[in-house]
2 protein chains.
Amino acid sequence: MDVRQSILEEATRLFAHKGFDGTSVQEVAEAVGIRKPSLLYHFTSKDELRQAVLGDVLARWSDVLPKIFLRASKDEQFDALMEAMSSFFVEDPDRARIILREALDRPDELRALLATHVQPWVEVVAGQLDKGKSRGVVRPEVDTQAYALHVVAMVVSSIALLDSVRIVLGGEPDLATSQKRMMNELFRVARTSLYVTSDKPTP
Amino acid sequence: MDVRQSILEEATRLFAHKGFDGTSVQEVAEAVGIRKPSLLYHFTSKDELRQAVLGDVLARWSDVLPKIFLRASKDEQFDALMEAMSSFFVEDPDRARIILREALDRPDELRALLATHVQPWVEVVAGQLDKGKSRGVVRPEVDTQAYALHVVAMVVSSIALLDSVRIVLGGEPDLATSQKRMMNELFRVARTSLYVTSDKPTP
DNA sequence: CCTACCGATCGGTAGG
DNA sequence: CCTACCGATCGGTAGG
C-alpha cells in the first residue's frame, strides 16, 4: 500500500545483492511496479534513496538495541545480548550486507554513523565487561572495546558472507545447517575467550 | 615498465576502493596513463580485467600459503600461521577488500574459487586441530572447520573494515594503533578459544 | 598504442 | 503517478 515503503524494501534488497552502483533507479522502479520518474518524485535522487535505505537499517538497530539492554541487564547478559544481536541480522541478512557494502564504499560516511549508532553501545558493553574484570569473572587480558567490536563484526560478516563461504565447511551445502554451525562456533569462541571459566558465569 | 602489470595494479586499487561497478574502464586507463581502447587491447573486456585482478590475489595466496605450512609444521604452528596469514592482508589491505566485495557481488563465483584455493587448506588445519584434540591440547568442543573459517574471516574483515570501524575503539583515531589493538585482540580471542590452557601449547 | 565513433543505458527534468 | 526527452557516460569496436 505505502509506495515509499515498498520502494525502500525493493531498494534494500537490490542494493544489498548488487550494490548501489550495480543497481539502476530503473531496476528499483520496475521491482516496485512504477516508472522511474515516479520513484524520483518520492526520493528526488538516487543518493537520497541510498541514504534512506541505510538510515532505515540503522533506525531499526537503534530501536531494537535499548530493549535488548534493558531486558538483559541482570544475569544471562551475554547470551541474551548475542542472541538478540544475531537475530537482528539473521531476520534480514540484507541488513548485514548493506552495512558491509557501506563500510567498503563510503568508510568516512559510515564512520560518522557508527559513532552515533554503535559506539555508545559498545562503550556500555565494554564498561560492563570491565566491571566483570574486577569481579574476577572476565579475563583480565581482554581489550573490552576491541573484543566487542570483533564480536559484532563476526556476526555481521558470518551472515553476510555465509553464501560464498559455506563451501569451506565440508560436504554439506545446506544453508540453514551451515548457518547454525557458524553461529554455534561463533558463540563458543566469544564466550570462551571472554570468561575466566568456560562455564556460565555466576551472577 | 610492464603495461599489463600496471593495469592490474591500478585496477586492484580502484576496484578495492570503489567497487567493480563503481569503477569505469576509462578511470583505470587514466590511472595507468593510456587510453581506454589501449587497455581493452590487453584485456578485451572489463569483466576479463576483473577476473584477472581476482585471479592475481588468489594466485599470490596460493603461492604464499604452502610455504607457511612447511615452515610452521612443528611447534609454534598456530602463531606462525596467524602471523603469516595476517601479514598477507596487512601487506596489501586491498586484497581483503577485493575478496569481501566478490563475496557480496558474486557469491557463486567466489564459492567455486574458495573451494579450490581455500578449502583444502582449511581441511589441513582442521585435521591438525583434530589431532590436537586427541592429544588433549585443543578443546574438545571446537568445531574445527567452522573455527578455522571464523579466524580467516576475522582477519579479512578486520583489515578491510578497519577504516570505518576504528572510531568505535574510543578517542584515538590513529590507524596503525587501531590495527595493532584489533590484531592483538584477534590473536588473543583465537588462541584462548582454541587451547585447553591459555598458555602456549606444549609441543 | 592511438583517434574516432557506436548503440545502450545512466540519473535526472519538463510538463502535465 | 505518467510520457517524452535531456546530456553525459558507459563498455566496446573499426581501422590504422
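Naming convention: chains lettered A, B, ... in sequence-line order (proteins, then strands); numbering from 1 in each chain.
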Excluding sequence neighbours, so at least two apart, what forms side-chain hydrogen bond (donor to acceptor under 3.5 Å, both in side chains) with [X]?
X        : result
A:Ser62  : none
B:Arg181 : A:Asp143, A:Gln145, B:Glu172
B:Lys18  : B:Glu27
A:Arg95  : A:Glu91

Partners meeting salt bridge (Lys or Arg N to Asp or Glu O under 4.0 Å) with B:Asp130 (sequence neighbours left out):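 So B:Asp130 forms a salt bridge (Lys or Arg N to Asp or Glu O under 4.0 Å) with B:Lys133.
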Which residues share a salt bridge (Lys or Arg N to Asp or Glu O under 4.0 Å) with B:Arg111, sequence neighbours left out: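 Scan of B:Arg111 (salt bridge (Lys or Arg N to Asp or Glu O under 4.0 Å), adjacent residues dropped) gives A:Asp163, B:Asp108.
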Partners meeting ring pair (Phe, Tyr, Trp, His ring centres under 6.0 Å) with A:Phe20 (sequence neighbours left out):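 In terms of ring pair (Phe, Tyr, Trp, His ring centres under 6.0 Å), with neighbours along the sequence ignored, A:Phe20 is linked to A:Phe15.
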Qualifying ring-ring contact (aromatic ring centres under 6.0 Å, His included) pairs, either residue in residues 31-61 of chain A, two or more places apart: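 Found A:Trp61-A:Phe88, A:Trp61-A:Phe89.
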A:Arg35, CZ: over 12 other non-hydrogen atoms inside 6.0 angstrom: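 Result for CZ/A:Arg35: open.
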Sorted by number, the residues of residues 27-40 of chain A with heavy-atom contact under 4.0 Å to DNA chain D: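 When residues 27-40 of chain A is checked for heavy atoms under 4.0 Å from DNA chain D, the hits, listed by number, are A:Ile34, A:Arg35, A:Pro37, A:Ser38.
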Where at least one partner belongs to residues 47-60 of chain B, residue pairs that pass side-chain hydrogen bond (donor to acceptor under 3.5 Å, both in side chains), sequence neighbours excluded: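 Sorted pair list: B:Thr44-B:Glu48, B:Asp47-B:Arg50, B:Asp47-B:Gln51, B:Arg50-B:Glu102, B:Arg50-B:Glu109, B:Asp56-B:Arg60.
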Segment of DNA chain D, first to last nucleotide, that comes within the 4.0 Å heavy-atom reach of chain B: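 Endpoints of the contacted stretch of DNA chain D: D:dC10 to D:dT13.
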Consecutive-pair stems (at least three Watson-Crick or G-U pairs, under 3.5 Å) that include DNA chain D: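 As far as DNA chain D goes, consecutive pairing (with distances under 3.5 Å) yields the stems C:1-16 with D:1-16.
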